[in-house]
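These figures come from a predicted structure and were not determined experimentally.
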Amino acid sequence: MGVEELQQLQEELKHWRNEVKDAENEKDILLIQKLDADNSKKLAQDLVTKLMEEEKKISDKIANRKAEYEEKISTLTEKSSELKKDITLLQQNVRDVEAKCKKMVDKAKFQNELPEKKVKFTDVKATENGMFDLEKTEKICGQFYVTTKIPFKLEGGQALITFEEEKVAQNILKKKRHNVNLDAVKVEAKSMPVPLEAGLKFEIHFTISRKDVCVKDLPENVTEEHLRDKLELHFYKSKIGGGEIDNVQFNLEAKTSTITFVDPGVAQHVVKRRKHTIRNNRDTYDVAVCPYIESHLEKLQIFSGISKRTVLLTDVRNIDEEEETIQDLIEIFFQKPSNGGGEIQSIKYLSDGSVTAYFEEEDSKAE
């Protein structure tokens with residue numbers, strides 16, 4: 001082998017050594033890059049795992065929030081439905097009250113006779129000189145306070161419970177739903193206020209004349225002059241308690257007459273006989289005699305409201321027990337303080353049909 005060829009081989013060897021060195025350097029760089037890539041991959045995997053865990057937490061949180069909101073929406077929807085029913089009921093009650101008021105106003109435009117009642121006078125006011133002489137008194141004045149009872153229709157499956165204390169009734173109303181234990185049966189009953197119709201109260205001021213009487217049922221087709229003569233003749237008689245007559249006035253359309261006596265107290269004796277027979281030649285006719293009373297209304301008020309101490313219990317149905325037994329069990333349940341109850345003044349349960357209960361003014365609270 002020549003020198004020239006050896007030099008060529010040495011240069012070629014040197015070249016390949018440089019190539020190998022470069023390859024090893026490149027290999028080292030690639031290994032380093034691979035390590036960096038593996039670290040980056042691990043970091044990326046850890047980050048992805050962490051993000052997935054965070055995503056799961058967020059998803060669970062969203063699902064829980066969604067469930068809570070759906071439950072709240074369901075509750076609000078149910079309450080909204082109940083409020084709409086209550087509003088509809090109240091609107092109907094308002095219409096009923098307005099119709100009732102209109103009827104009362106229309107009725108109040110006409111004169112109505114109150115049922116006859118026995119009256120006992122318990123307070124006598126003396127005259128200016130301190131004396132009171134009934135025989136000389138021409139008029140007796142007085143007044144009555146009148147208030148109507150308010151009807152409420154109780155339907156089957158309902159109960160009216162009146163508590164001793166108002167706060168107990170309010171506690172029962174706040175709870176609204178009650179799981180009432182009726183022996184072997186549990187009933188989910190609903191408590192609600194008792195809406196009352198309109199009531200009426202007023203004062204009647206009256207004056208009873210001790211000199212005048214009112215004669216009713218006068219005959220027809222008889223002249224006023226003829227009637228005057230017959231009435232004066234009849235009511236002058238002492239045997240019927242009559243006396244000297246001062247004046248006679250007629251209202252022939254109403255077939256009535258007002259007779260005024262001279263002396264006070266005569267009218268009181270005459271009206272002891274409510275029926276009098278007047279003789280008219282061969283004919284006779286009966287007339288009715290009553291005290292002459294002037295009266296007028298004052299302080300007329302129409303009121304409505306809800307009961308303060310009474311609760312309406314509904315949805316107590318389809319129970320195979322005697323009505324009286326169910327009523328006793330309801331009373332026992334709502335007397336217990338653990339159920340929010342208290343002492344009961346009265347209770348009425350109706351299993352079927354309907355009855356009418358009546359409330360007085362002190363049982364209601366104006367709205």
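- Between the OG1 atom in Thr223 and the CG atom in Leu252 there is a gap of 9.5 Å [rounded to 0.5 Å].
- Counting heavy atoms from C-beta outward, Phe235 and Val248 have side chains that stay 4.5 Å or more apart.
- Hydrophobic clustering (side-chain heavy atoms under 4.5 Å, transitive across Ile, Leu, Val, Met, Phe, Trp, Tyr) groups Phe250 together with Val213.
- Considering all non-hydrogen atoms of both residues, Val180 and Ala189 come closest at CG2-CB, 4.2 Å.
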Would Glu343 and Lys336 count as a salt bridge (charged side-chain N to carboxylate O under 4.0 Å, His left out) if you check the C-alpha gap in whole Å, the side-chain angles of each, and the deciding distance to 0.1 Å? CA-CA 8 Å; Glu343 289 298 321; Lys336 295 180 180 179; over 6 Å; no
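- Ionic pairing of Arg228 and Glu224 is present here: one or more N-O contacts between side-chain nitrogen and carboxylate oxygen are shorter than 4.0 angstrom.
- If you check the side chains of Thr260 and Asp246, you find no donor sitting under 3.5 Å from an acceptor.
- In this structure, Glu164 places its CD atom where more than 12 heavy-atom neighbours from other residues, nucleotides or ligands lie under 6.0 Å away.
- Transitive grouping of hydrophobic side chains (ILVMFWY, heavy atoms separated by less than 4.5 Å) brings Ile293 and Ile204 into a common cluster.
- Residues Thr207 and Glu294 have side chains that never bring a donor and an acceptor to within less than 3.5 angstrom of each other.
- Side chains of Asp286 and Thr277: a donor on one and an acceptor on the other come within 3.5 Å.
- Side-chain contact between Lys50 and Met52 is absent, with no heavy-atom pair separated by less than 4.5 Å.
- Between Lys42 and Asp46 there is a salt bridge, since a side-chain N of the basic residue sits under 4.0 Å from a carboxylate O of the acidic one.
- In this structure, the side chains of Ile259 and Leu231 come closer than 4.5 Å at one or more pairs of heavy atoms.
- The distance from the CG atom of Leu313 to the CD1 atom of Ile347 is 8.0 Å, given to the nearest 0.5 Å.
- You'll find the side chain of Arg210 stays beyond 4.5 Å of the side chain of Tyr292, heavy atoms only.
- In this structure, the separation between CZ on Arg317 and CG on Asp352 is 8.0 Å, given to the nearest 0.5 Å.
- What you find for Pro193 and Leu312 is that their closest heavy atoms are O-CB, 4.2 Å.
- In summary, Lys299 and Glu203 engage in a salt bridge, as defined by a charged side-chain N under 4.0 Å from a carboxylate O.
- Follow the hydrophobic side-chain contacts under 4.5 Å out from Leu83 and you never reach Leu173; the two are in separate clusters.
- With no hydrogens or angles considered, a side-chain donor-acceptor pair links Gln92 and Asp96 at under 3.5 Å.
- Side-chain contact between Ser257 and Leu218 is present, with at least one heavy-atom pair separated by less than 4.5 Å.
- For Lys348, the NZ atom is densely surrounded, since the number of other residues' heavy atoms within 6.0 Å is greater than 12.
- Scanning both residues, Val168 and Gly341, for their nearest heavy atoms gives CG1-C, 3.5 Å.
- Ile172 approaches His178 most closely through the heavy-atom pair O-NE2, 3.2 Å.
- Between Tyr358 and Ile150 there is no side-chain heavy-atom pair separated by less than 4.5 Å.
- The side-chain heavy atoms of Val316 and Ile326, taken from C-beta on, include a pair separated by under 4.5 Å.
- No more than 12 heavy-atom neighbours from other residues, nucleotides or ligands sit within 6.0 angstrom of CZ on Arg65.
- With Ser81 as the partner, the side-chain contact (heavy atoms from CB on, under 4.5 Å) test is satisfied by one option alone out of Lys85, Glu78, Lys79: Lys85.
- Interatomic distance, CZ of Phe152 versus CD of Gln158, reported as 6.0 Å (0.5 Å rounding).
- Taking CD of Gln7 as the reference point, atom NZ of Lys14 lies at 12.0 Å (rounded to 0.5 Å).
- In Lys176, the NZ atom is not crowded: 12 or fewer heavy atoms of neighbouring residues, nucleotides or ligands sit closer than 6.0 Å.
- Relative ring orientation between His296 and His205 is described as parallel, the plane-to-plane angle staying below 30° on a 0-90° scale split at 30° and 60°.
- Comment: Glu165 does not engage Arg309 in a salt bridge, judged by the lack of any side-chain N to carboxylate O separation of less than 4.0 angstrom.
- Taking the side chain as every heavy atom from C-beta outward, Leu350 and Glu323 approach each other to under 4.5 Å.
- The cluster map of Ile, Leu, Val, Met, Phe, Trp and Tyr, joined by side-chain heavy atoms under 4.5 Å apart, puts Val194 and Val355 in the same cluster.
- Here the CD-CD distance, from Glu19 to Glu26, works out to 10.0 Å after rounding to the nearest 0.5 Å.
- Considering all non-hydrogen atoms of both residues, Ala267 and Ser209 come closest at CB-O, 4.3 Å.
- Residues Val271 and Val262 fall into different hydrophobic clusters, defined by Ile, Leu, Val, Met, Phe, Trp and Tyr side chains chained together at heavy-atom separations under 4.5 Å.
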